[in-house]
Amino acid sequence: HMQLAESGGGSVQAGGSLRLSCLASGDTYTYTAYCMGWFRQAPGKEREGVASITNAGVLEYADSVKGRFTISRDNPKKTLYLQMENLTPEDTAMYYCAAEFQGQCPVQSIPDRRFRGRGTQVTVSS
């Protein structure tokens, strides 16, 4: 099994930036082959896939974050990142990273991936 631990959340004002990190541990010897991604959930709302990256580095984003968020992965460090720019109050949510050992990695599937972290809170004030 793989364990995922998110960090980097916090409170910022609208227009601000944050970078989230997700460190993988446990059974990570096949980390490079994993589909990885981020999803979020705000109170009273459905989970939303935000960004995904395949084992080949193919990226996909939700329309709501395109042009503002950037996903990346550092395989030697077993770390996934989400750089978030120009944040708005609508981005306020708990953010989770997720992973699964497979090639296909559509962003809408990220909330249902096999391994998920416990989340990090992002709060954006107006």
Side-chain angles (χ1 to χ4, degrees):
H1 289 282
M2 178 185 287
Q3 289 81 48
L4 302 171
E6 302 92 340
S7 61
S11 297
V12 296
Q13 291 192 323
S17 302
L18 283 173
R19 187 174 85 152
L20 306 184
S21 299
C22 172
L23 176 65
S25 61
D27 183 10
T28 62
Y29 72 97
T30 54
Y31 180 85
T32 57
Y34 273 70
C35 154
M36 305 288 299
W38 293 92
F39 69 96
R40 64 187 180 186
Q41 188 167 27
K45 293 189 176 181
E46 297 283 323
R47 296 177 302 172
E48 177 189 21
V50 172
S52 66
I53 181 168
T54 71
N55 53 15
V58 177
L59 313 179
E60 187 178 356
Y61 298 95
D63 288 343
S64 57
V65 306
K66 276 181 184 175
R68 301 188 298 121
F69 289 13
T70 303
I71 188 171
S72 61
R73 62 193 294 170
D74 185 330
N75 287 335
K77 293 184 177 179
K78 306 292 193 289
T79 302
L80 181 73
Y81 301 101
L82 186 67
Q83 179 68 42
M84 304 186 295
E85 306 284 349
N86 195 21
L87 286 160
T88 73
E90 289 68 38
D91 295 316
T92 295
M94 186 73 81
Y95 283 73
Y96 302 85
C97 67
E100 188 156 356
F101 181 70
Q102 68 174 60
Q104 304 239 346
C105 203
V107 65
Q108 64 267 26
S109 76
I110 293 302
D112 298 318
R113 295 302 96 197
R114 180 181 181 189
F115 301 113
R116 288 165 282 181
R118 294 188 175 185
T120 185
Q121 178 68 38
V122 172
T123 303
V124 185
S125 58
S126 58

### Results of side chain to side chain contact (heavy atoms under 4.5 Å, CB included) for V124 - residues two or more places apart only
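V124 satisfies side chain to side chain contact (heavy atoms under 4.5 Å, CB included) with V12, A14, L87, P89, D91, T92, V122 only.
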(message) Suppose the criterion is ring-ring contact (aromatic ring centres under 6.0 Å, His included): which pairs have a residue in residues 101-126, not counting sequence neighbours?
(response)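 Listed once each, the pairs are H1-F115, Y34-F101.
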Calculate, to the nearest 0.5 Å, the distance between atoms [atom1] and [atom2] belonging to [X] and [Y] respectively.
| X | Y | atom1 | atom2 | answer |
| --- | --- | --- | --- | --- |
| T79 | D74 | OG1 | CG | 6.0 Å |
| S25 | Q3 | OG | CD | 4.5 Å |
| F69 | M84 | CZ | CE | 5.0 Å |
| I110 | W38 | CD1 | CH2 | 11.5 Å |
| T120 | R118 | OG1 | CZ | 13.5 Å |
| I53 | C105 | CD1 | SG | 8.5 Å |

Would you check if the side chain of [X] reaches a backbone N or O of [Y] as a donor-acceptor pair within less than 3.5 Å?
| X | Y | answer |
| --- | --- | --- |
| T30 | A33 | no |
| Q83 | T70 | no |
| R114 | A99 | no |

Q) Hey, does the Lys NZ or Arg CZ of R19 hover above the aromatic six-ring of Y81, less than 6.0 Å from the centre and inside 45° of the axis? A)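 Relative to the ring axis of Y81, which defines the angle, R19 lies inside both limits.
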Closest heavy-atom pair and its distance - [X], [Y]:
| X | Y | answer |
| --- | --- | --- |
| A98 | R116 | CB-CG, 3.7 Å |
| L4 | C97 | CB-SG, 3.6 Å |
| A42 | A93 | N-CB, 3.8 Å |

Between the side chains of [X] and [Y], does any donor sit under 3.5 Å from an acceptor?
| X | Y | answer |
| --- | --- | --- |
| E48 | S64 | yes |
| R40 | Y95 | yes |
| Q13 | S125 | no |

Within a strict 4.5 Å, meaning less than it, do heavy atoms of the [X] and [Y] side chains meet?
| X | Y | value |
| --- | --- | --- |
| C35 | Q104 | no |
| L80 | I71 | yes |
| Y61 | V50 | no |
| K78 | Y31 | yes |
| D112 | R47 | yes |

With a 4.5 Å cut-off on side-chain heavy-atom distances among I, L, V, M, F, W and Y, is there a chain of contacts connecting L82 to F39?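 In one cluster with L82: F39, no.
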Do L20 and M2 share a hydrophobic cluster (ILVMFWY, side-chain heavy atoms under 4.5 Å, transitive)?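 Yes, because L20 and M2 connect within a single hydrophobic cluster, where side-chain heavy atoms sit under 4.5 Å apart.
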For this session: Apply the test side-chain contact (heavy atoms from CB on, under 4.5 Å) to residues T88 and R68: give CA-CA distance (whole Å), side-chain angles for both, the deciding distance (0.1 Å), then the verdict.
Result: CA-CA 10 Å; T88 73; R68 301 188 298 121; 4.2 Å; yes
Going through the distances and angles, do R113 and Q102 end up as a side-chain hydrogen bond (donor to acceptor under 3.5 Å, both in side chains)? CA-CA 10 Å; R113 295 302 96 197; Q102 68 174 60; 3.0 Å; yes
